[in-house]
Amino acid sequence: MEIGIKAYLIDHNLTIYQVAKAGGYGYTTIHKSFNKPQSDATSLNLRDLDALAQATQSSMWEVLKELETDYLED
């Protein structure tokens, strides 16, 4: 299963640049992470969750719960 991170960004009116800036991470770092092929071993990491939480002004567990509930793809 994969996480539909691009759908999450669209639904929250966010760009990768906004997420990177809000999280304090480099654009290239977040861009590579969000665009890499996902497998069971490589999905989002804590840095990505932190950046999304900062961008949406949520806590990391809230972002994770929403991703698991609404954005898992088969």
Side-chain angles (χ1 to χ4, degrees):
M1 290 210 267
E2 294 183 9
I3 296 171
I5 193 64
K6 292 178 183 175
Y8 180 88
L9 294 175
I10 290 168
D11 290 349
H12 288 83
N13 297 315
L14 291 170
T15 64
I16 294 173
Y17 176 78
Q18 290 170 317
V19 172
K21 186 174 179 180
Y25 300 100
Y27 171 80
T28 303
T29 301
I30 298 295
H31 185 271
K32 283 182 182 178
S33 182
F34 286 1
N35 286 296
K36 72 181 176 201
Q38 292 180 15
S39 70
D40 290 339
T42 60
S43 61
L44 294 178
N45 60 40
L46 290 176
R47 175 199 60 227
D48 302 333
L49 287 175
D50 179 48
L52 288 169
Q54 296 291 333
T56 58
Q57 298 178 347
S58 305
S59 65
M60 287 173 49
W61 71 266
E62 290 172 316
V63 172
L64 182 58
K65 182 179 178 184
E66 185 176 0
L67 289 170
E68 288 179 335
T69 303
D70 301 328
Y71 296 94
L72 280 183
E73 302 172 349
D74 290 331

With Tyr25 as partner, the option from Arg47, His31, Gln54 fulfilling side chain to side chain contact (heavy atoms under 4.5 Å, CB included) is Arg47
Phe34: ring-ring contact (aromatic ring centres under 6.0 Å, His included) partners, not counting sequence neighbours = none
Shortest non-hydrogen pair, Ala53 vs Ser59, comes out as CB-C, 3.8 Å
Are any non-hydrogen side-chain atoms of Tyr8 and Thr56 less than 4.5 angstrom apart?
-> yes
State plainly whether one hydrophobic cluster holds both Leu64 and Leu46, where clusters connect Ile, Leu, Val, Met, Phe, Trp and Tyr through side-chain heavy atoms under 4.5 angstrom apart.
-> yes
Side chains of Asp48 and Ile30: closer than 4.5 Å at any heavy-atom pair?
-> yes
Between OG1 of Thr29 and CD1 of Ile16, what distance do you get to the nearest 0.5 Å?
-> 12.0 Å
Report all side-chain donor-acceptor pairs from residues 66-73 shorter than 3.5 Å, counting only partners two or more places apart or in another chain.
unit_1	atom_1	unit_2	atom_2	d
Glu66	OE2	His12	NE2	3.2
Thr69	OG1	Lys65	O	2.7
Tyr71	OH	Asp11	OD2	2.6

Gap separating the CG atom of Leu52 from the CG atom of Leu14, nearest 0.5 angstrom | 7.5 Å
Candidate list Asp50, Ile5, Leu9, test side chain to side chain contact (heavy atoms under 4.5 Å, CB included), partner Val19, passing option | Leu9
Value for OG (Ser58) from CG (Leu49), rounded to nearest 0.5 Å, stands at 11.5 Å
